[in-house]
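Worksheet: the structure to be examined is printed underneath.
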Amino acid sequence: ATAAASVDDLAGDSYQLKWSVLNSDVATIEGVENNAAVITPVAVGKTVIKVETADGKLCYFSDLTVTKTPKTCYIDFGVIDSPAPFNNYRNPRAPGLVNMLDHRGRPTALDKPFSGELARGLNNNLGLPKTASEDMFFSDGIAIPLSGFKVTGLSQGTKYTFSFYAHINDRGTETEFHVIGKNDGVAYLVNDDNFDRTVEIKGIEPNDEGVVYIEMKPGPNNVQWAKFFGVNTMVLSEE
């Protein structure tokens with residue numbers, strides 16, 4: 001963030017200003033040209049900014065609060081692109097995604113193979129663009145019983161929520177989502193004519209390498225003839 005100050009005085013333009021922060025464990029500040037300053041947050045908390053003239057005759061104080069803004073990343077799986085803020089993972093045979101929107105440039109990469117992608121033209125009632133619900137990564141669970149990918153470069157010590165959506169117009173499909181970091185969680189989603197159902201797995205902490213693995217397979221109630229399972233979208237959020 002940046003800040004600027006001026007001196008309300010006839011000779012105000014000639015004053016040189018000095019900037020400081022009361023608690024440098026919360027933020028630091030550095031003066032730049034035109035009597036402006038760059039504020040760099042360090043940790044969540046409150047402190048005070050002081051700006052004063054070089055001769056010490058004038059000074060001003062301002063409260064500074066540093067808060068954490070959770071980062072959220074949206075991924076659309078399949079050949080049909082969705083608009084921002086979605087990142088489009090078009091092909092399960094591609095190496096992965098980098099420089100993802102709203103996720104500090106961290107990559108997602110294929111870890112276990114999928115059968116391919118499907119585009120069924122299906123809509124949704126979740127407020128997602130149709131482009132997100134009409135295509136997906138899928139697997140024939142008989143031929144490929146386990147599929148998945150990983151998210152790398154996550155922040156150690158931070159917990160994440162993973163939300164999944166899958167939609168297909170077959171019968172008897174169910175996907176098991178297993179998210180694995182230092183801890184893990186499992187959720188099940190019936191994909192049949194799924195206009196409005198999602199599942200969430202909360203409180204996942206990345207492993208010591210900053211990696212979380214997402215594995216998918218047919219759920220225990222999957223009775224579809226080929227045991228189809230898959231994913232249309234994933235939303236990854238810092239808690």
Side-chain angles (χ1 to χ4, degrees), residues 41-44 67-79 81-82 84-117 128 132 135-141 143-166 174-189 191 198-220 222 227-239:
V42 176
V44 172
T67 59
K68 180 179 179 180
T69 302
K71 298 293 182 178
T72 301
C73 176
Y74 298 81
I75 300 178
D76 173 20
F77 300 90
V79 295
D81 284 359
S82 289
F86 278 96
N87 299 272
N88 293 287
Y89 202 158
R90 300 177 183 89
N91 187 328
R93 290 167 290 278
L97 291 170
V98 296
N99 299 321
M100 295 195 294
L101 296 173
D102 300 317
H103 202 252
R104 299 177 183 169
R106 294 161 181 163
T108 295
L110 192 68
D111 182 55
K112 294 179 174 63
F114 288 81
S115 293
E117 65 282 329
L128 299 172
D135 61 343
M136 70 188 306
F137 283 7
F138 88 102
S139 284
D140 178 332
I144 299 180
L146 187 68
S147 299
F149 50 91
K150 62 183 178 181
V151 182
T152 64
L154 298 176
S155 300
Q156 295 184 38
T158 299
K159 292 184 178 179
Y160 294 84
T161 293
F162 293 79
S163 177
F164 300 97
Y165 172 66
E174 181 186 59
T175 300
E176 175 186 304
F177 296 96
H178 188 191
V179 181
I180 308 161
K182 277 192 172 180
N183 55 339
D184 72 319
V186 175
Y188 304 97
L189 181 63
N191 307 337
T198 62
V199 290
E200 284 189 344
I201 299 174
K202 297 183 177 181
I204 300 298
E205 186 176 339
N207 65 20
D208 290 338
E209 288 72 45
V211 177
V212 169
Y213 294 89
I214 295 93
E215 295 183 348
M216 286 164 270
K217 65 181 182 180
N222 189 317
K227 292 194 174 294
F228 278 6
F229 65 93
V231 61
N232 289 65
T233 69
M234 183 184 81
V235 180
L236 165 61
S237 303
E238 292 182 354
E239 296 180 2

Do the side chain of Asn88 and the main chain of Ser82 share a donor and acceptor less than 3.5 angstrom apart?
yes
Could you measure the distance from the CZ atom of Phe138 to the CG atom of Asn191? Nearest 0.5 Å is fine.
12.5 Å
Donor-acceptor pair, distance only, cut-off 3.5 Å: does the side chain of Asn222 make one with the backbone of Phe228?
yes
Find the distance between NE2 (His178) and CG (Asp184) and round it off to the nearest 0.5 Å.
3.5 Å
Please check: side-chain N/O of Asp111 versus main-chain N/O of Gly148, any donor-acceptor pairing under 3.5 Å?
no
For Tyr213, give me all partners under ring-ring contact (aromatic ring centres under 6.0 Å, His included), at least two apart in sequence or on another chain.
none
Val199 and Ile201: CA distance, side-chain angles, deciding distance, side chain to side chain contact (heavy atoms under 4.5 Å, CB included) verdict:
CA-CA 7 Å; Val199 290; Ile201 299 174; 5.9 Å; no
With a sphere of 6.0 Å drawn around NZ of Lys217, does it hold more than 12 non-hydrogen atoms of other residues, nucleotides or ligands?
no
Gap between atom CD1 of Ile204 and atom OG1 of Thr158 - 0.5 Å precision:
13.5 Å
Quick one: does any side-chain atom of Glu117 pair with a main-chain N or O of Gly78 as donor and acceptor, under 3.5 Å?
no
Val231 to Thr233 - nearest heavy-atom pair and separation:
CG2-O, 3.4 Å
Quick one: CD on Glu238 to NZ on Lys159, what's the gap to the nearest 0.5 Å?
14.0 Å
Scanning both residues in full, the closest heavy-atom pair of Pro218 with Pro145 reads CD-O, 3.6 Å
Looking only at heavy atoms, which two atoms of Cys73 and Asn87 are closest? And how far apart?
SG-ND2, 3.6 Å
Taking atom OH of Tyr74 as the centre, does the number of heavy atoms from other residues, nucleotides or ligands within less than 6.0 Å exceed 12?
no
Which heavy atom in Phe229 sits nearest to a heavy atom in Thr175, and how many Å separate them?
CB-OG1, 3.3 Å
Would you confirm whether Asn183, through its side chain, and Glu205, through its main-chain N or O, come within 3.5 Å as a donor-acceptor pair?
yes
Residue pair Pro92 / Phe114: nearest heavy atoms and the distance that separates them:
CB-CB, 3.8 Å
Under 3.5 Å, side chain of Tyr160 to main-chain N/O of Ser155, donor-acceptor pair present?
yes
Under 3.5 Å, side chain of Glu176 to main-chain N/O of Pro220, donor-acceptor pair present?
no
Using the side-chain contact (heavy atoms from CB on, under 4.5 Å) definition, which of the options Phe164, Phe137, Phe149 pairs with Met216?
Phe149
Tell me whether Glu215 is salt-bridged to Lys112, with the criterion being a basic N under 4.0 Å from an acidic carboxylate O.
yes
Where is the tightest heavy-atom contact between Leu154 and Pro206, given as atom of each residue plus distance?
CB-CG, 3.5 Å
Does Asp76 offer a backbone N or O that forms a donor-acceptor pair with the side chain of Asn232 under 3.5 Å?
no
Side chains of Leu236 and Ile75: does their closest heavy-atom pair fall under 4.5 Å?
no
Is it the case that the side chain of Ser237 and the backbone of Thr72 share a donor-acceptor pair, with hydrogens and angles ignored and the cut-off at 3.5 Å?
no
With no hydrogens and no angle check, just 3.5 Å: does a side-chain donor-acceptor pair link Asp140 and Ser115?
no
